[in-house]
Amino acid sequence: MSSSSGGLSGPNNIRSRVGGLSDRHVRWLLMLPLLLLVFMSLYPTLSALYMSLHQWEGAIPERPFIGLENYERLLTADERFGNGMVITLIILGVNLILQMVLGLSLALLFSGEFWGKKVLTTVFLIPVMISPVVVGFTARMAFVNEFGFVAETVNWIFQLEPGLAWLSDPFWAKVVVIVADTWQWTPFVFLILLSGLASLPQEPYEAAQVDGASAWQAFWHLTLPQMRYILLVVLLIRGLDLLKLFDVVMLSTAAGPGTATETISVYIYQLAFRYWSFGYAAAASFLLLIVVIVVATLLIRMIGGVSEE
Amino acid sequence: MSGRREQSSVDRKSGEQANKTPAGHGQRAHGYRSTQKRKRRILDVVRVLVVLIVVVITVVPILWIILSGFKSQGECLHNPPIWIPRNPSWANYQDMWTDGGALSLKNSLIVTVGGTLVAVLGGVLVAYSISRFRTGGQHLANWVLSVKFLPPIAFAIPIATMYRVLHLIDTHFGLILVYGAFNLPFVVWTMKGFMDEVPRQLDESAMIDGCTRIGVMWRIVLPLSAPGLVSATLLTFIFIWSEYLFALVLGQNELFTVPVRLSSYYSQAEGWVCAPQAALATLAILPMIAMAFIGQRFIVRAMTFGAVKQ
């Protein structure tokens, strides 16, 4: 196959031979699978908007139009909604800091060749690949009151009497969720940052070494600025993932004690599929959607700004 | 001799320049180099320690789950914790298997294979169109990507309502459609990246030689981006296999996948039956762990691909 197309014009002018279909048609025919995505995302979004403006309760056939009443109730009178948002943001914030710091430190420590790199990357791939449901279950096994293998080990090390009951304490239950998510996703952050570090040009470091720069200076003035783009991308991926945190919470703490670990996704799920308040839940999910889109747009702007430099 | 190999590669960078500069510097350069060497040795020890700690922290919880599958219910929740089952047996596996485990594995397999096929087949076509014709421009490409990041709970509620009307609740077909749709963006994004690397001149010259557009995509571009195809397929499979929320909401009564079955081992009457749950969890993660070992190269590449590429 020679790649010399010489001075011929672009592919758009060459007629393909399927029944005389030109590229102009083929390109759109190939896009047809996107209809499925439109059907599953755009239509539901509009439908959610419609539902959120009605009083839509389970199987009750009357669904009167109530305007923005659902939204008003959510924003002014629903403590659990605010609670869900705050808990989601707390878990998100702590997780992001932990995972970025741990992931970056590990990536810096292990950049370049080293003994056991293969072992580390393989083992590190395991948490990323297993289902968050299993991670949540494992966290429960590790921290369940009286029996958890991590909880009891901690109690034994610190000689706590009575032992710390992680899952019935609002603070420590959040720690359990955070530990579970950090356990699962720090490897992911590490792997991406590692390949990011590997792609950095070497020359500036050699120059810095000649100039007698310390390792810290090299990190601060060379590595960090060059890694800004990739760090932001990882932050975006993980941040948006954490905004929809659901599986781990359901399996590890079951949102408890009380609503101490009830993330916004869990609360909306409860509204819709436990209390069958579809209209109200749709309004809540619409607000969540707006938050996510605003956060994502801001971050993507920042990324765009960085990558243009 | 953990330091040897590591050192040689670092030395390739710093050593080159070390060979050039120290010639005139004599003593001072020598002293500098020996402290560097000591520093590097300390760093190696730190690295080995960190690797060991990380491996332990990662592996022990998984080992605990696997071991728990062979414990009796009493041993599974015991204070102090029992690490090694005293009378390991397959009893939990038998219980789990007949008590919905086999069915959930069958359901998961059907929707995962179906959903992966839909996403990959559809995604490849869209990716080719966007890669070669920039169809729909930047806005469409961004929209496709953005769907992947939106919270599924926002879509789950209206889709559940819609599915009830369409009688798609509790059907494999319904789940396959949802999984196919929501994994399409990932496949499109990955495959577009790989296809962009295949020179367009190949397409053009093949078409001059009488190949059709579809033929070009199928016989030339796709084989050349095969690593991307493998990566995208593997990861899509993993995403769908692990998915919980849609499976929970759209298969409320009869159709339960492995994650849904895993989440229902707690009841008011019996309390928490964790031993068979651990057995099912083991079956759920073993294929994934096997994939981590076999397909490591592809998976890491696909994961890091989008982020590293600017």
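Lettering of chains follows the sequences in order, A, B, ..., and the numbering in each one begins at 1.
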Find the one option among [options] whose heavy-atom pairs under 4.5 Å with chain A are most numerous.
options: Ile62(B), Val55(B), Ile285(B), Asn79(B); result: Asn79(B)
options: Met217(B), Gln277(B), Met288(B); result: Gln277(B)
options: Leu235(B), Leu248(B), Val46(B); result: Leu248(B)
options: Tyr265(B), Tyr266(B), Phe293(B), Trp241(B); result: Phe293(B)
options: Leu262(B), Ile238(B), Val59(B), Val249(B); result: Val249(B)

Is it the side chain or the backbone of [X] that comes within 4.5 Å of chain B heavy atoms, both, or neither?
X: Phe149(A); result: both
X: Val123(A); result: both
X: Phe286(A); result: neither
X: Met250(A); result: side chain
X: Leu245(A); result: neither
X: Ala296(A); result: neither
X: Val128(A); result: side chain
X: Val135(A); result: neither
X: Trp156(A); result: neither
X: Leu251(A); result: side chain
X: Tyr269(A); result: both
X: Ala272(A); result: side chain
X: Met31(A); result: both

Heavy-atom distance under 4.5 Å to chain A: side chain of [X], backbone, both or neither?
X: Ala278(B); result: both
X: Pro61(B); result: both
X: Thr161(B); result: side chain
X: Leu77(B); result: both
X: Leu184(B); result: side chain
X: Val178(B); result: both
X: Leu150(B); result: both
X: Ile65(B); result: side chain
X: Arg297(B); result: neither
X: Leu121(B); result: neither
X: Phe237(B); result: neither
X: Leu140(B); result: side chain
X: Trp143(B); result: side chain
X: Val188(B); result: neither

Using a cut-off of under 4.5 Å for heavy-atom pairs, which of [options] has the most such pairs with chain B?
options: Leu34(A), Val134(A), Thr153(A); value: Leu34(A)
options: Leu194(A), Leu109(A), Leu191(A), Val144(A); value: Leu109(A)
options: Val119(A), Leu32(A), Thr121(A); value: Thr121(A)
options: Ile130(A), Leu271(A), Ile300(A); value: Ile130(A)
options: Asp247(A), Ile268(A), Val38(A), Ile264(A); value: Asp247(A)
options: Met129(A), Glu146(A), Met51(A); value: Met129(A)

Please check: side-chain N/O of [X] versus main-chain N/O of [Y], any donor-acceptor pairing under 3.5 Å?
X: Ser108(B); Y: Val258(B); answer: yes
X: Glu243(B); Y: Leu245(B); answer: yes
X: Ser277(A); Y: Tyr280(A); answer: no
X: Ser199(A); Y: Gly196(A); answer: yes
X: Gln202(A); Y: Glu206(A); answer: no

If every non-hydrogen atom of [X] is compared with every non-hydrogen atom of [Y], which pair is closest and at what distance?
X: Leu243(A); Y: Ser265(A); value: O-OG, 4.2 Å
X: Pro187(A); Y: Gln184(A); value: CD-O, 3.5 Å
X: Met40(A); Y: Phe155(B); value: O-CD2, 4.1 Å
X: Ala48(A); Y: Pro158(B); value: CB-CG, 4.0 Å
X: Gly174(B); Y: Tyr163(B); value: O-OH, 2.7 Å
X: Pro199(B); Y: Arg132(B); value: O-NH2, 4.1 Å

Item to complete: Quick one: sort the Phe273(A) and Trp276(A) rings into parallel, tilted or perpendicular, breaks at 30° and 60°.
Response: perpendicular
Worksheet item: Phe246(B) vs Phe182(B) aromatic rings, parallel, tilted or perpendicular, using cut-offs 30° and 60°?
Response: parallel
Discussion item. Consider side-chain contact (heavy atoms from CB on, under 4.5 Å). Of Ile66(B), Leu67(B), Ile289(B), which one does Thr282(B) pass it with?
Written reply: Ile66(B)
Worksheet item: What pairs with Pro185(B) under side-chain contact (heavy atoms from CB on, under 4.5 Å), at least two apart in sequence or on another chain?
Response: Leu37(A), Val144(B), Val147(B), Lys148(B)
Between [X] and [Y], a side-chain donor and acceptor under 3.5 Å:
X: Arg261(B); Y: Ser264(B); answer: yes
X: Tyr128(B); Y: Arg27(A); answer: no
X: Ser263(B); Y: Tyr244(B); answer: yes

Under 3.5 Å, side-chain donor or acceptor atoms of residues 231-238 of chain A against the rest of the protein: list the pairs with distances, not counting sequence neighbours.
residue   : atom : partner   : partner atom : Å
Arg238(A) : NH1  : Gln99(A)  : OE1          : 3.0
Arg238(A) : NH1  : Asp181(A) : OD2          : 3.0
Arg238(A) : NH2  : Asp241(A) : OD2          : 3.4

